[in-house]
Number of protein chains: 2
Amino acid sequence: MNLKELSTLLGLSQTTVSRALNGYPEVSEVTRQKVLKAARKYNYAPNPRARGLATGRNHAVGHIIPLSKGHEMVNPVFADFIAGASEIYSRENIDMLLTVVPDSDEADAYRKIAAKGSVDGVIVHGPKADDPRIKLLRDIGMPFVVHGRSGSADENEYSWVDMNNARAFERATKFLIDLGHRRIGLLNGLESMDFAAKRRAGYRTALESAGITEDPDLCHSAEMTEEFGYVAAMKVLTLPDPPTALLTSSIIVGYGVRRALDTLGLRIGKDVSLIVHDDELSYMRNGSSEPIYTATRSSVRLAGRICAEILLDQIAHPERPPRHELLDADLIIGHTTGPAPK
Amino acid sequence: MNLKELSTLLGLSQTTVSRALNGYPEVSEVTRQKVLKAARKYNYAPNPRARGLATGRNHAVGHIIPLSKGHEMVNPVFADFIAGASEIYSRENIDMLLTVVPDSDEADAYRKIAAKGSVDGVIVHGPKADDPRIKLLRDIGMPFVVHGRSGSADENEYSWVDMNNARAFERATKFLIDLGHRRIGLLNGLESMDFAAKRRAGYRTALESAGITEDPDLCHSAEMTEEFGYVAAMKVLTLPDPPTALLTSSIIVGYGVRRALDTLGLRIGKDVSLIVHDDELSYMRNGSSEPIYTATRSSVRLAGRICAEILLDQIAHPERPPRHELLDADLIIGHTTGPAPK
DNA sequence: CCAAACCGTCAAAGCGCTTTGATACCCGCA
DNA sequence: TGCGGGTATCAAAGCGCTTTGACGGTTTGG
């Protein structure tokens, strides 16, 4: 069923039917009702390609997932972010396009996406510490929102939604210091990523203001897998002077740490304290009533919702200035931290 | 840059330029090269909407994610599946559309997707034990591939890619029985899901052929979260006559079981044996060289690749009969199983 | 009472592409 | 010389929608 068929069926012109359907005021209420009823009856849906061609708008946004060798963006955090964003999209009837872009030909891929024009805007995932994609997208002139930031000075020039990574990890580190810990390990994400760099900085700040010198042997940085948590924890805990507390950038890494403690016969929260970062992943909830792990907590799903909302707003009103949302992480106390052992 | 501009720039007609770009034989090789060079130079990409309008083909496929209340399909397994599928799509230059469909108005949503015609085919996720969506899609006449199957008798009438769930769980259960275990718990996914029903069936088969009667108290079924693993394990292990072995439908549930064993001071693989199902999730690898958990293993990423390939094939050749791929799971031995304690 | 404003509707143009059917040209063969 | 058969190119139609500009018909206001 298309517009033409529907309009002849109704004995009206395509114009009138189209207007009726799109809520234009020029059509009388009685006609509109007739049209709406017929549309429902015949299960009419406008062809989005044709509409896109005519309007230049797509009712679609793209999520661009960078794929570096050895670095996989399609991760559980991403899944929850998407889930959040899609809540907004389905409410607004927007399509979501996923595009995996190997970062070898990034610039090209982005230009191509813009040239094809199948999306009205994009969300940028996993920004690096000084990410060229941002300048690129600004040059191209396509609306975009970054999940995270990108270190550089032009932060006010584009829209982003980020968590206060530095602050969160500074607080967590300070919390451990206050409990008497002096040897504190950090199992971080890849520090080429902006979020990980900021977390490291926060950790460093807390140590410095307590007069503790950072020991690079206690810091590891890699893709945030369970296995990384295990391997890195095994490594630092078998050092001659092992840490009494660990911070991890993801609850998944925390699972690996738990397994390492199992293996070494160390008690979590007694022999070794652990603070994880908790993105409130739906399949890896940190307890339902009471938190299990002491954690810095910030919902990535919420971040997805906010990103999507800002993007849609920017698409609808390109003249508005960029928007930023800095989410604060909570520090929540669970059962995995305690005073430093003597 | 569009076709018209490009063609006037070249002093050729749109027809010729279009043909040159699309590899038609009617255009001379020297012209074709000129056109290709210019297209690259001006970064020309055909507008996919316009092309779609003209050809009826979209170069896009949809992934339909069911959303039930209390059931979240955007999960880590899904993320890895998508990653696999997108490998194929990006090779073939196909767009991937994600659509979250609340299962309240499923039928409507599917019809709408078909009516809009923005995708050439869809992949169906998370089929239930007797899923109405399959008949629906067949009636609509849109190419589709199911990730999993749907129990009913018409299995040969549509394309699917599934793992041999029953067989895998039968073997795992038998393996535990051979180790002397008699009380074996099953922490399964939602048994309204086809895959979970099949796993349960396999588990049951193995018990029966060993002459063990199934104890419903040892079986739990829910969304496969870490917390479910913890809660369910705590429940069964504190029974008067607790199991000596557990099977879980996901490695994430296994993490929860590990935590429960921690809490109860039980040793994994000694006091309680554990077999998990391992989808080879990239962020939750079951060991790199040597497996950690004893597991039934089947790569969901591979399943994603195969699904995508079959779908593209069905789109290109709608006349071909449905295809099925039944992946066999390996049973791999890790460090979490051992003989039943006396 | 007539011009001005308004209302509901329509025909037609245009979005950027593919594809059909036509055309102009050249070659070789009788 | 004339004609059939390629070969390389083109103009124009059509995909399904939105939107512009126009058109009769009805109110309204001076």
Side-chain angles (χ1 to χ4, degrees), chain A residues 1-36 38-39 42-60 93-95 112-120 315-316, chain B residues 1-36 38-39 42-60 93 95 112-120 316:
Chain A
M1 173 64 59
N2 59 26
L3 228 211
K4 186 141 120 209
E5 289 165 28
L6 186 65
S7 58
T8 52
L9 226 55
L10 278 160
L12 289 169
S13 73
Q14 297 193 37
T15 312
T16 306
V17 176
S18 169
R19 299 217 133 130
L21 257 20
N22 292 316
Y24 280 67
E26 296 95 327
V27 31
S28 74
E29 202 45 43
V30 27
T31 328
R32 187 192 307 283
Q33 289 310 327
K34 258 194 298 204
V35 170
L36 285 174
Y42 296 107
N43 203 2
Y44 167 77
N47 180 318
R49 291 181 245 118
R51 172 210 266 154
L53 239 204
T55 59
R57 293 264 275 100
N58 289 88
H59 296 270
N93 240 301
I94 298 278
D95 284 339
K112 194 144 289 165
I113 287 167
K116 289 207 306 182
S118 40
V119 296
D120 301 325
I315 290 170
Chain B
M1 173 66 57
N2 60 24
L3 229 211
K4 186 142 121 207
E5 289 166 28
L6 186 65
S7 58
T8 52
L9 228 55
L10 279 159
L12 289 168
S13 74
Q14 298 192 37
T15 311
T16 306
V17 176
S18 169
R19 301 217 130 130
L21 257 21
N22 292 315
Y24 279 67
E26 294 96 326
V27 30
S28 74
E29 202 46 42
V30 30
T31 332
R32 185 191 309 284
Q33 289 311 327
K34 257 195 300 208
V35 171
L36 285 175
Y42 296 108
N43 204 1
Y44 168 76
N47 180 319
R49 290 180 248 120
R51 174 212 266 154
L53 240 205
T55 59
R57 293 265 275 100
N58 290 88
H59 296 269
N93 240 301
D95 284 339
K112 194 146 288 167
I113 287 168
K116 291 206 307 183
S118 40
V119 296
D120 301 325

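Naming: A, B, ... by sequence-line order, numbering from 1 per chain. Atoms considered below: every heavy atom in the structure, side chains included; atoms not considered: hydrogens, waters and symmetry mates. The shown structure was predicted, so the numbers you read here are calculated from the model rather than taken from an experiment.
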Here the distance between atom P of dT18(C) and atom CD of Q14(B), to the nearest Å, is 10 Å
Atom CZ of R49(B) to atom P of dC15(D): distance rounded to whole Å?
19 Å
Can you measure K116(A) atom NZ to dG16(C) atom C1' for me and round it to whole angstrom units?
15 Å
To the nearest angstrom, the CG-C1' distance between N2(A) and dC15(D) comes to 10 Å
Among the nucleotides dT9(C), dC17(C), dT9(D), whichever has the atom closest to the side chain of L12(B) is dT9(D)
Taken to the nearest whole Å, CG/N22(B) to C1'/dT18(C) is 8 Å
T15(B) near the nucleic acid: base, sugar-phosphate alone, or nothing, with a heavy-atom cut-off under 4.0 Å?
base
Would you kindly give the CD-to-P distance between E29(A) and dC7(C), to the nearest whole Å?
14 Å
Nucleotide nearest A54(B) when distance is taken to its side chain, options dT9(D), dC15(D), dC10(C):
dC15(D)
Between the CE atom in M1(A) and the CG atom in L6(A), the distance rounded to the nearest 0.5 Å is 6.0 Å
Once you round it to whole Å, what is the distance between P of dG16(D) and CZ of R51(B)?
18 Å
To 10°, what angle do the rotation axes through the five end pairs on each side of the helix from dC1(C)-dG30(D) to dA30(C)-dT1(D) form?
60°
Hey, which sits more toward the 5' end of DNA chain C by its nearest nucleotide, Y44(B) or R19(B)?
Y44(B)
Name the closest nucleotide to the S18(B) side chain, picking from dG8(C), dT19(C), dA12(C).
dT19(C)
Out of dG16(C), dG16(D), dT18(C), which nucleotide sits closest to the side chain of A50(B)?
dG16(C)
Atom CZ of R57(B) and atom C1' of dT18(C) are separated, to the nearest Å, by 14 Å
Report which part of the nucleic acid G117(A) touches: base, sugar-phosphate, or nothing (heavy-atom distance under 4.0 Å, all strands).
nothing
Proximity to the side chain of S13(B) - top-ranked nucleotide from dT19(D), dC10(C), dC10(D)
dC10(D)
Closest to the Y24(B) side chain, choosing from dT9(C), dT19(C), dC17(D):
dT19(C)
Looking only at side-chain N and O atoms, does S28(A) come under 4.0 Å of OP1 or OP2 in dT9(C)?
yes
With respect to the phosphate group of dG16(C), does any side-chain polar atom (N or O) of N47(B) fall under 4.0 Å of OP1 or OP2?
no
